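Order of the sequence lines sets the chain letters (A, B, ...), proteins ahead of strands, with each chain counted from 1. As a basis for the values below, the full set of heavy atoms in this structure was taken, side chains included, without hydrogen atoms, waters or symmetry mates. If you're wondering where the values come from, they're calculated on a predicted model, not measured in any experiment.
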Number of protein chains: 2
Amino acid sequence: MGKAYNVMAATCPSRTVLHRIGARWTVFVVNALEGGPMRFTELKAHIQGITPKVLTETLRALEHDGLIQRTSYDESPPRVEYELTELGRSLLVPLSAVRAWAEEHVPDIQAAHAAHVEKP
Amino acid sequence: MGKAYNVMAATCPSRTVLHRIGARWTVFVVNALEGGPMRFTELKAHIQGITPKVLTETLRALEHDGLIQRTSYDESPPRVEYELTELGRSLLVPLSAVRAWAEEHVPDIQAAHAAHVEKP
DNA sequence: CCGGATCCCGGCCGATACTG
DNA sequence: CAGTATCGGCCGGGATCCGG
């Protein structure tokens with residue numbers, strides 16, 4: 001069977017999907033939830049440098065897209081847990097590969113930058 | 001051997017790398033160049049909706065990172081070709097997987113959106 | 001103390017028009 | 001054909017405040 005969607009087409013809904021995936025912190029949050037459910041503060045501590053506002057926005061967007069599930073326990077102190085849905089775990093596969101690529105090729109990118117300084 | 005870099009650390013240079021990958025149009029340009037060299041106008045036509053300014057910015061950034069190579073032929077009319085470097089082709093592997101995921105899971109995302117409209 | 005919401009700013013993104 | 005120039009808007013992001 002052929003491809004039903006094509007991200008290169010301007011009106012294709014897959015663009016919206018790719019737009020979300022490409023959002024600044026999506027790859028970080030999805031990767032962070034790889035090991036299982038995490039609380040808001042845990043996520044904030046694990047993903048160093050993320051601000052609560054941005055973390056909230058990212059979590060809401062991912063929840064809206066059905067990639068993560070938010071569970072609120074009515075306790076004191078309050079407890080809220082986030083975890084990947086099955087759809088989210090399927091996205092984790094390519095996103096962890098992207099993460100791995102980034103961590104692996106840092107020297108190559110830095111070498112390319114250095115080369116451009118040499119010959120501008 | 002252990003991992004040298006970790007994207008979760010605030011000061012890790014892999015963050016910069018991931019930042020580039022996460023830029024709006026990077027995934028589109030890299031995927032577009034999968035089949036071989038392309039000219040500026042070809043790219044613009046293939047990646048529907050991209051503006052010349054943004055395409056130029058994206059191409060410059062990717063060239064600076066050593067992911068693509070720009071070749072200018074001194075002809076009339078002028079001809080400029082862009083192609084993936086070996087490093088760029090290695091990035092194509094995870095990025096084409098991300099693209100495939102996006103194209104494949106459009107119905108799931110749309111179903112999640114619909115579910116949130118039903119029960120807000 | 002946890003899990004946010006609000007205010008405000010800067011930079012990236014994008015549309016349109018123009019040029020070697 | 002292969003880009004610049006210019007302007008505007010929106011979104012990402014930091015600092016601060018709030019409810020339970």
Axis-to-axis angle for the helix from C/dC1-D/dG20 to C/dG20-D/dC1, ends of five pairs each, to 10°, equals 30°
Residue pair B/Val29, B/Leu55: steps toward the side chain to side chain contact (heavy atoms under 4.5 Å, CB included) verdict: CA-CA 8 Å; B/Val29 171; B/Leu55 179 55; 4.1 Å; yes
When rounded to whole Å, the OH to C1' distance for the pair A/Tyr82 and C/dG3 reads 7 Å
Side chains of A/Ile109 and B/Leu87: does their closest heavy-atom pair fall under 4.5 Å?
yes
Within residues 35-46 of chain B, the residues having a heavy atom closer than 4.0 Å to DNA chain D are B/Arg39, B/Phe40, B/Thr41
Applied to residues 23-43 of chain B, the side chain to side chain donor-acceptor pair (under 3.5 Å) test, sequence neighbours excluded, yields A/His19-B/Arg24
Check your understanding: Under 4.0 Å: is that the gap between some side-chain N or O of B/Arg70 and OP1 or OP2 of D/dG3?
Key -> yes
To the nearest angstrom, the OH-P distance between A/Tyr73 and C/dG4 comes to 14 Å
- Mind checking whether B/Met38 and B/Glu81 have side chains closer than 4.5 Å, heavy atoms only? no
Quiz item: Given side chains that start at C-beta, do those of B/Asn6 and A/Arg99 come closer than 4.5 Å, heavy atoms only?
Solution: yes
Show me the side-chain donor-acceptor pairs of residues 57-72 of chain B shorter than 3.5 Å, one per line, residues at least two apart or across chains.
{"residue": "B/Thr58", "atom": "OG1", "partner": "B/Val54", "partner atom": "O", "Å": "2.8"}
{"residue": "B/Asp65", "atom": "OD1", "partner": "A/His113", "partner atom": "NE2", "Å": "2.5"}
{"residue": "B/Asp65", "atom": "OD2", "partner": "B/Arg20", "partner atom": "NE", "Å": "3.2"}

Is there any protein nitrogen or oxygen under 3.5 Å from a nitrogen or oxygen in nucleotides 9-11 of chain C, and what are the pairs?
none

Per-nt protein contacts along nucleotides 13-20 of chain C (heavy atom under 4.0 Å; B base, S backbone sugar-phosphate only, - none) come out as BBB-----
#### Entry: Min side-chain heavy-atom separation A/Leu92-A/Leu33 under 4.5 Å
no
Is it the case that the side chain of B/Glu83 and the backbone of B/Pro37 share a donor-acceptor pair, with hydrogens and angles ignored and the cut-off at 3.5 Å? no
Quick one: is A/Arg79 getting a side-chain N or O under 4.0 Å of the D/dG20 phosphate, OP1 or OP2?
no
Flag if over 12 foreign heavy atoms under 6.0 Å of CD, A/Glu75
yes
Let me see the working for A/Val17 and B/Trp101 under side chain to side chain contact (heavy atoms under 4.5 Å, CB included), right down to the final yes or no. CA-CA 9 Å; A/Val17 177; B/Trp101 190 96; 3.8 Å; yes
Can you find a heavy atom in the side chain of B/Val27 that is under 4.5 Å from one in the side chain of B/Ile21?
no
Whole-Å distance, B/Leu55 CG to C/dC12 C1', equals 16 Å
**Asked** Can A/Arg15 and B/Phe28 be said to form a side chain to side chain contact (heavy atoms under 4.5 Å, CB included), step by step?
**Response** CA-CA 10 Å; A/Arg15 280 252 169 126; B/Phe28 293 93; 3.4 Å; yes
In whole angstroms, the gap separating P of D/dC1 from CD of B/Glu75 amounts to 13 Å
(message) Check the phosphate of D/dC11 against A/Arg20, side-chain N and O only, distance under 4.0 Å to OP1 or OP2. Yes or no?
(response) no
From CZ of B/Arg60 across to C1' of C/dC12 the rounded distance in Å is 18 Å
Any side-chain heavy atom of A/Tyr73 within less than 4.5 Å of one from A/Pro78? no
